[in-house]
Amino acid sequence: MMTFIKDYSLTYLRNKLIAIYVLNVMDILFTLYLKSTGCFMEANPFMAIFINSTFSVLALKLLIPAALVIYLYIRMRKATEFQLKKSNYFIVTIFILYACINILHFLWCGLYLIR
């Protein structure tokens, strides 16, 4: 696990970006499920605008992040070692934030199911 966090080789950075994208997809799936129960609301004020349109929210949460991940990976292939190391700190931070968000969603789903 520490290698995954500390290593900033292009291969590991690509895998981290893919993991962030997967966490992003899980985030929107959890959000849509919890929203459909009627007991929960979207906490992100920007996404709350689009949450009632499944097509819009999926387009925002699937297409734009996918394009961003691809763009970042293409840019990182030309980056210096220093830039890759800096990018790793940012990517690991985003990964941890998304992991925490998904853990909260998972807990909310569990609480909803046992109530």
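Computation of the quantities below employed the complete heavy-atom set of this structure, encompassing side-chain atoms and omitting hydrogens, waters and symmetry-equivalent molecules.
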Novice: Do Tyr98 and Asp27 meet the criterion of a side-chain donor-acceptor pair at a distance under 3.5 Å?
Specialist: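 Distance-only check fails for Tyr98 and Asp27.
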Novice: Hey, are the side chains of Tyr33 and Phe40 touching, using non-hydrogen atoms and a 4.5 Å cut-off?
Specialist: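 No - every pair of side-chain heavy atoms lies 4.5 Å or more apart.
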Novice: Compute whether any side-chain donor of one residue and acceptor of the other, for Lys6 and Asn88, lie under 3.5 angstrom apart.
Specialist: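 Side chains of Lys6 and Asn88: no pair found under 3.5 Å.
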Novice: Main chain of Glu42, side chain of Lys35: is a donor-acceptor contact present, judged purely on distance under 3.5 Å?
Specialist: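 Between the backbone of Glu42 and the side chain of Lys35 there is no qualifying donor-acceptor contact (under 3.5 Å).
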Novice: Any heavy-atom pair between the side chains of Cys39 and Leu34 that's under 4.5 Å?
Specialist: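 Side chain of Leu34 against side chain of Cys39, heavy atoms only: no contact under 4.5 Å found.
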Novice: Contact between Leu32 and Leu58 at the side-chain level, heavy atoms closer than 4.5 Å - yes or no?
Specialist: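 The answer is yes; the side chains approach within 4.5 Å.
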Novice: May I ask whether Leu23 and Trp108 are part of the same hydrophobic cluster, defined by side-chain heavy atoms of I, L, V, M, F, W, Y residues being less than 4.5 angstrom apart, directly or through others?
Specialist: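 Unlinked, Leu23 and Trp108 end up in two clusters.
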Novice: How about Thr11 and Arg14: do any of their side-chain heavy atoms sit closer than 4.5 Å?
Specialist: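 The answer is yes; the side chains approach within 4.5 Å.
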Novice: Hey, does Met76 have a side-chain heavy atom less than 4.5 Å from the side chain of Leu17?
Specialist: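 Leu17 reaches Met76 side chain to side chain.
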Novice: So, does Tyr8 use its side chain to make a donor-acceptor pair with the main chain of Gln83 at under 3.5 Å?
Specialist: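 A pair under 3.5 Å: no.
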Novice: From Ile5 CD1 over to Asp7 CG, what is the distance, rounded to the nearest 0.5 angstrom?
Specialist: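 Answer for the CD1-CG pair, Ile5 versus Asp7, is 11.5 Å.
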Novice: Taking all heavy atoms of Ala19 and all of Phe95, pick out the closest pair and write down the distance.
Specialist: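 Closest approach of Ala19 to Phe95: CB-CE1, 3.6 Å.
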Novice: Indicate the atoms forming the closest heavy-atom contact of Pro65 with Leu60, along with that distance.
Specialist: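 Residues Pro65 and Leu60, closest heavy atoms: CD-O, 3.0 Å.
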Novice: Between Phe30 and Ile101, is the side chain to side chain contact (heavy atoms under 4.5 Å, CB included) condition met? List the steps.
Specialist: CA-CA 10 Å; Phe30 274 130; Ile101 289 168; over 6 Å; no
Novice: Quick one, Arg75 with Tyr71, criterion side-chain hydrogen bond (donor to acceptor under 3.5 Å, both in side chains). Give me CA distance, side-chain angles, the key distance, then yes/no.
Specialist: CA-CA 6 Å; Arg75 289 290 308 242; Tyr71 174 74; 3.3 Å; yes
Novice: Pick from Ile28, Thr31, Leu29: which one makes a side chain to side chain contact (heavy atoms under 4.5 Å, CB included) with His105?
Specialist: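 Only one of Ile28, Thr31, Leu29 forms a side chain to side chain contact (heavy atoms under 4.5 Å, CB included) with His105, namely Thr31.
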Novice: Do Met47 and Ile49 land in one hydrophobic cluster if side-chain heavy atoms of ILVMFWY residues count as linked below 4.5 Å?
Specialist: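 Result: yes, single cluster for both.
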Novice: State yes or no: do Phe55 and Val25 share one hydrophobic cluster built from I, L, V, M, F, W and Y residues joined by side-chain heavy-atom distances below 4.5 Å, directly or via other members?
Specialist: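 Different clusters.
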Novice: What distance do Asn102 atom CG and Leu97 atom CG have between them, rounded to the nearest 0.5 Å?
Specialist: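 Asn102 atom CG to Leu97 atom CG measures 11.5 Å (nearest 0.5 Å).
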Novice: Decide yes or no on side chain to side chain contact (heavy atoms under 4.5 Å, CB included) for Leu84 and Leu13, but give the supporting numbers first.
Specialist: CA-CA 8 Å; Leu84 291 175; Leu13 289 174; 3.5 Å; yes
Novice: Quick check on Tyr73: does its OH atom have over 12 non-hydrogen neighbours (other residues, nucleotides or ligands) under 6.0 Å away?
Specialist: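 Buried by this count: over 12 neighbours within 6.0 Å.
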Novice: Are Leu10 and Ile94 connected in the hydrophobic side-chain network, where two residues link if heavy atoms are under 4.5 Å apart?
Specialist: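 The answer is yes; both residues are in one hydrophobic cluster.
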Novice: With a 4.5 Å cut-off on side-chain heavy-atom distances among I, L, V, M, F, W and Y, is there a chain of contacts connecting Ile70 to Val22?
Specialist: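 Looking at the clustering, Val22 is in a separate group from Ile70.
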